[in-house]
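Here's the structure we're looking at; comments come further down.
Numbers here simply count residues along the sequence, with the first being 1.
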Amino acid sequence: SCSVSSEISGVFTVSGKGDGIITSGYRCPNEQCQEPNHFGYPEHFDLFSVMSNKVCSMVRRHVTKHGLYEMVCEDPSCGLRTRQISVCGTLCLQRGCKGIMKPANGAQALDTQMKYLKSLFDINHCYKQYQKSCNGANKTDLVTFSELQRIISTEDSAIAEGMCSRMQATLCKSAYNTIEP
């Protein structure tokens, strides 16, 4: 509602002021925002629809980049980018260059990006990251997982579960981490 652009950092956020207050990750970080819940959308379903569309668009963009099969020379002085493949294997096509051509957007990078997007909506993963940050900072006032579930509204949990299941379905379509007999 305030038209301030921001990123979603997870299902919940911890106050950066050092007081350790946990708030919804689906709340506008602008302190002057008139309607900070659900980033100003009237209902949680509206926020879910917008986030779902944006994440779907992002996934399509990354899959399209991967599908271009663009190759790039690993030699920084050459930097050739092409979709052609050498008849000599992975050798660079640029005359005089001894570099090796590598995929610009490989399957591993695509898989990593999809897993990152899923992790933003996975409450268990977000809680493990919260635990790591508290242990690294030697904080003793760690909120338990059951307390966290009480802090996060049912609407926010529903958004997180819906988005996480969508990203899991996207990951299941990929055969990157599977070995077929």
Start with the C-alpha gap between Ser52 and Arg166, add the side-chain angles, then the distance that decides, and say whether side-chain contact (heavy atoms from CB on, under 4.5 Å) holds. CA-CA 8 Å; Ser52 178; Arg166 285 186 178 211; 2.3 Å; yes

Open item on the list: I'd like to know if Leu171 and Val11 are part of one continuous hydrophobic network [Ile/Leu/Val/Met/Phe/Trp/Tyr, side-chain heavy atoms within less than 4.5 Å].
Closed with: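 Val11 and Leu171: one cluster.
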
Q. Hey, any chance Met71 and Leu68 share a hydrophobic cluster, counting ILVMFWY side chains that come within less than 4.5 Å of each other, even indirectly?
A.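 No.
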
Could you walk me through whether Val143 and Val14 pass the side-chain contact (heavy atoms from CB on, under 4.5 Å) check? CA-CA 11 Å; Val143 174; Val14 181; over 6 Å; no

Side-chain contact test, heavy atoms from C-beta onward, threshold under 4.5 Å: evaluate it for [X] versus [Y] and give yes or no.
| X | Y | answer |
| --- | --- | --- |
| Met163 | Met51 | yes |
| His38 | Glu155 | yes |
| Lys98 | Asp75 | no |
| Cys164 | Lys118 | yes |
| Tyr41 | Ser49 | no |
| Phe45 | Ile159 | no |
| Cys126 | Phe12 | yes |
| Thr82 | Met101 | yes |

To the nearest 0.5 Å, what is the distance between [atom1] on [X] and [atom2] on [Y]?
| X | Y | atom1 | atom2 | result |
| --- | --- | --- | --- | --- |
| Gln149 | Thr154 | CD | OG1 | 12.0 Å |
| Lys115 | Gln168 | NZ | CD | 9.5 Å |
| Thr13 | Ile8 | OG1 | CD1 | 11.0 Å |
| Lys65 | Leu110 | NZ | CG | 11.0 Å |
| Gln84 | Leu93 | CD | CG | 6.0 Å |
| Leu91 | Ile85 | CG | CD1 | 12.5 Å |

Shortest non-hydrogen contact from [X] to [Y]?
| X | Y | value |
| --- | --- | --- |
| Cys78 | Gln94 | SG-CB, 3.7 Å |
| Gly10 | Tyr26 | O-CE2, 4.1 Å |
| Val72 | Ala104 | CG1-CA, 4.1 Å |
| Phe39 | Pro29 | CE2-CD, 4.0 Å |

Begin with the C-alpha distance, continue with both residues' side-chain angles, and end with the deciding distance and a verdict on side-chain contact (heavy atoms from CB on, under 4.5 Å) for Cys56 and Asn53.
CA-CA 5 Å; Cys56 185; Asn53 289 338; 5.6 Å; no

- Ion pair check, Arg83 and Glu70, cut-off under 4.0 Å: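 Judged by the 4.0 Å cut-off on N to carboxylate O distance, Arg83 and Glu70 do not form a salt bridge.
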
- Quick one: side-chain hydrogen bond (donor to acceptor under 3.5 Å, both in side chains) partners of Asn37, sequence neighbours excluded?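 Residues passing side-chain hydrogen bond (donor to acceptor under 3.5 Å, both in side chains) with Asn37: Arg27.
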
Q.
Strictly distance-based, threshold 3.5 Å: is any side-chain N or O of Ser119 a donor or acceptor partner for the main-chain N or O of Tyr116?
A.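 Between the backbone of Tyr116 and the side chain of Ser119 there is a qualifying donor-acceptor contact (under 3.5 Å).
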
Identify, with sequence neighbours excluded, every residue that meets side-chain contact (heavy atoms from CB on, under 4.5 Å) alongside Arg150.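 Arg150 satisfies side-chain contact (heavy atoms from CB on, under 4.5 Å) with Ser146, Glu147 once adjacent residues are dropped.
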
Taking the inter-plane angle between the rings of Phe145 and Tyr127 on a 0 to 90° scale, is it parallel (under 30°), tilted (30 to 60°) or perpendicular (over 60°)?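 Phe145 vs Tyr127 ring planes: perpendicular.
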
- Are Asp122 and Met167 close enough, and set up right, to give a side-chain contact (heavy atoms from CB on, under 4.5 Å), and what steps lead you there? CA-CA 10 Å; Asp122 186 358; Met167 287 309 302; over 6 Å; no

